[in-house]
> 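There's a structure below that I have some questions on.
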Amino acid sequence: MATTDIRSLTPEQLAEQLKERGYPAFRARQVLQWLDRGVTDFQQMNNLPLSLREELAALYTVPGVAIARKLTSAIDGTVKYLFRLDDGETVESVLMQYKHGWSQCLSTQVGCKMGCTFCATGMGGFIRNLSAAEMLGQIEAAQRDAGVRVSSIVLMGMGEPLDNYEQVVRFLRALGEEGGVHIGMRHISLSTCGLVDGIRRLKEEKIPLTLSISLHAPNDQIRSRTMPVNRRWPIAELLDACREYIDATGRRVSFEYAMIDGVNDTDACAEELARRLQGMLCHVNLIPVNAVEGKAQKRSNPRRIQAFSDILQKKGINVTVRRTLGADINASCGQLRRQQDQQENRKEALP
Ligand code: SAH
Ligand code: SF4
C-alpha cells in the first residue's frame with residue numbers, strides 16, 4: 001500500500017482521513033501532539049487504540065533522519081553527524097560536551113540563500129527548508145546514537161533559521177512541551193545573519209530563547225562585502241531591532257564576530273564596534289574564522305584576537321573568545337556536506 005508523509009497533510013486533512021476510517025476528530029489532534037513532541041513511532045502513541053496505531057503505521061510515514069556519516073573528535077569527544085533525510089538530502093549537526101551537559105548544534109535548512117562569503121553552507125546555494133519534525137529528528141537520532149541526553153540546543157548549523165520561520169517556531173514550541181524531546185527555552189540559542197523582519201516577529205512570540213546575531217563587522221562597508229543580507233538590512237537597522245528585542249524580552253543579545261585576518265580585525269574595527277554596542281545589554285563572542293576549502297580567508301592570529309578583545313573589554317563590552325571544539329573534525333557546519341557532495345559528484349562522473 002502506498003504511504004503518505006503524514007507531515008504533508010494539514011490537520012484538517014488528517015482529521016478527514018481518520019474520520020473516513022471511523023475515528024473522531026480528537027484522534028487526529030492526539031497524533032499531531034505526539035508528532036510535535038518528537039515521537040515518530042506510531043506504536044509509542046499510547047493514548048491511541050491499538051487498531052488505530054496499526055492503521056497509521058500502514059498508511060503514513062514520518063519524515064526520518066538517518067546517520068549517513070559520523071566523525072568523533074579524538075581531542076574533545078565532539079561528534080559531528082551528517083544526517084540523511086528521506087529525500088536523500090543531507091544536513092550536518094554537531095554534538096558537544098560542556099561542563100553543564102551536552103549541547104547540540106542543529107541545521108534548519110538544506111543549504112542557505114544568504115551567501116555569506118566566509119561560509120561553507122552558503123557556497124552550495126539553497127535547496128529546501130527542514131520541517132520541524134526533521135529538526136526534532138536530529139536531536140533524537142543523536143541522543144539515540146550517543147546514548148546521552150541533550151540539554152541545550154543552538155540553531156547554528158546549516159541554514160538561516162529566520163528564513164524558515166514557520167517551521168522553526170513550530171519546532172521551538174514542540175521543544176517546550178512535556179514528553180518527547182523536552183528542553184527548556186532558556187537552553188536554546190537561535191543564530192541569525194540579521195533578518196530584521198524575522199527578529200521583529202520573533203520578539204512577539206514570547207519564547208525566552210537567546211538571540212544570537214552574526215555581526216562579523218563594525219560597519220556597513222565591511223559587512224556588505226562579506227554578508228549580502230546587510231545590503232537589505234544595514235547594521236543600524238539590525239541594531240535597532242536588537243534593542244527592541246532586548247526591551248521586549250529582557251534578555252541579553254549575543255553577537256558573533258568571526259575574526260578574519262586583514263578584513264575585520266584591526267584596532268579601529270574594535271573601537272568602532274565598541275562605540276556601536278555601547279550601552280546595549282549584550283555579549284560579543286569572538287571566533288577565529290574557520291578555513292573553508294576554496295576560500296582564501298585566514299583566521300586572525302591569537303595575539304590580534306586578544307588585542308581586539310582587550311579593546312572591547314576596556315570600553316565596557318562583555319566579550320569572550322570562543323573555545324574551538326572538534327578542531328580535528330572540522331566541526332563547523334557546511335563542510336562535511338560539501339565533501340560528501342563532491343564525492344558523490346565524482347562517483348557520478350565515473351563512466
Ligand atoms: N545562518 C545563521 C546560523 C547558521 S551559521 C547565521 O548566519 O547566524 C552559524 C554561525 O557560524 C554564524 O555565526 C556564522 O556567521 C558562522 N560561520 C559561518 N561560516 C564560518 C566560518 N567559516 N568560520 C567561523 N564561523 C562561521
Ligand atoms: Fe547562511 Fe549563516 Fe552561512 Fe550566512 S553564515 S550563508 S546566513 S548559514
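Here, residue 1 is the first one in the sequence, and each next residue gets the next number. Read the numbers this way: they start at 1 and go in the same order the structure lists the ligands and their atoms.
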> Looking at non-hydrogen atoms alone, which of G157, C119, S191 comes nearest to atom 4 (C) of ligand 1?
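Of the listed residues, G157 has the closest heavy atom.
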
> Could you name all protein N, O or S atoms found under 2.8 Å from atom 4 (Fe) of ligand 2?
C116 SG

> N/O to N/O below 3.5 Å, does that happen between V289 and ligand 1?
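So ligand 1 has no N or O lying under 3.5 Å from an N or O of V289.
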
> Look up atom SG in C193 and atom CE in M227, then write down how far apart they are to the nearest 0.5 Å.
5.0 Å

> State plainly whether the residues E89 and R84 are in salt-bridge range, i.e. N to O under 4.0 Å.
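No.
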
> How close do N219 and R276 get, counting heavy atoms only, and between which atoms?
CA-NH1, 3.9 Å

> So that I know where these two stand, are F255 and H216 an aromatic pair - ring centroids less than 6.0 Å apart?
no

> How does V292 reach ligand 1, if at all, at less than 4.0 Å between non-hydrogen atoms: by side chain, backbone, both, or neither?
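Side chain only.
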
> Determine, for D41 against R53, whether the closest basic-nitrogen to carboxylate-oxygen distance falls under 4.0 angstrom.
no

> Could you tell me which atoms of ligand 1, counted from 1 in the order shown, lie closer than 4.0 angstrom to a heavy atom of G159?
1 (N), 2 (C), 3 (C), 4 (C)

> Does at least one non-hydrogen atom of S212 fall below 4.0 angstrom from an atom of ligand 1?
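False for this residue.
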
> Is any side-chain heavy atom of D261 less than 4.5 Å from a side-chain heavy atom of R299?
no

> Using a strict cut-off of 4.0 Å, indicate which atoms of ligand 1 neighbour a heavy atom of C193.
6 (C), 7 (O), 8 (O)

> Which of the atoms in ligand 1, numbered in the order shown and given with their element, are less than 4.0 Å from a heavy-atom of Q297?
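Counting from 1, the qualifying ligand atoms are 22 (N).
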
> If you compare all heavy atoms of Y257 against all heavy atoms of N264, which two are closest, and at what distance to 0.1 Å?
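Minimum heavy-atom separation between Y257 and N264: OH-O, 2.6 Å.
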
> Record the part of H216 in heavy-atom contact with ligand 1 below 4.0 Å; permitted values are side chain, backbone, both and neither.
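Side chain only.
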
> Between L59, T61, L14, which is the residue that forms a side chain to side chain contact (heavy atoms under 4.5 Å, CB included) with I6?
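Only match with I6 under side chain to side chain contact (heavy atoms under 4.5 Å, CB included): L14.
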
> Looking at E271 and K314, is there a salt bridge between them, counting it only when a charged N and a carboxylate O are closer than 4.0 Å?
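Between E271 and K314 there is no salt bridge, as every charged N stays at least 4.0 Å from the carboxylate O atoms.
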
> Check whether any side-chain heavy atom of R303 sits under 4.5 Å from a side-chain heavy atom of Q306, and report yes or no.
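Heavy-atom side-chain distance check fails, nothing below 4.5 Å.
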
> Judged on heavy-atom distance to atom 21 (C) of ligand 1, which of D163, I287, T226, N290 sits nearest?
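Residue with the shortest heavy-atom distance to the ligand atom: N290.
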
> Would you mind checking if D220 and R231 are paired as a salt bridge, meaning a charged N to carboxylate O distance below 4.0 Å?
no

> N/O to N/O below 3.5 Å, does that happen between L155 and ligand 1?
no

> Do K70 and Y81 form a cation-pi contact, if we require the NZ or CZ to be under 6.0 Å from the six-membered ring centre and within 45 degrees of the ring's axis?
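No - K70 does not lie over the ring of Y81 by the 6.0 Å and 45° rule.
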
> What atoms in ligand 2 come closer than 4.0 Å to a heavy atom of G159?
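Matching atoms, with element in brackets: 8 (S).
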
> Which is it for M114 and ligand 1 at heavy atoms under 4.0 Å: side chain, backbone, both or neither?
neither

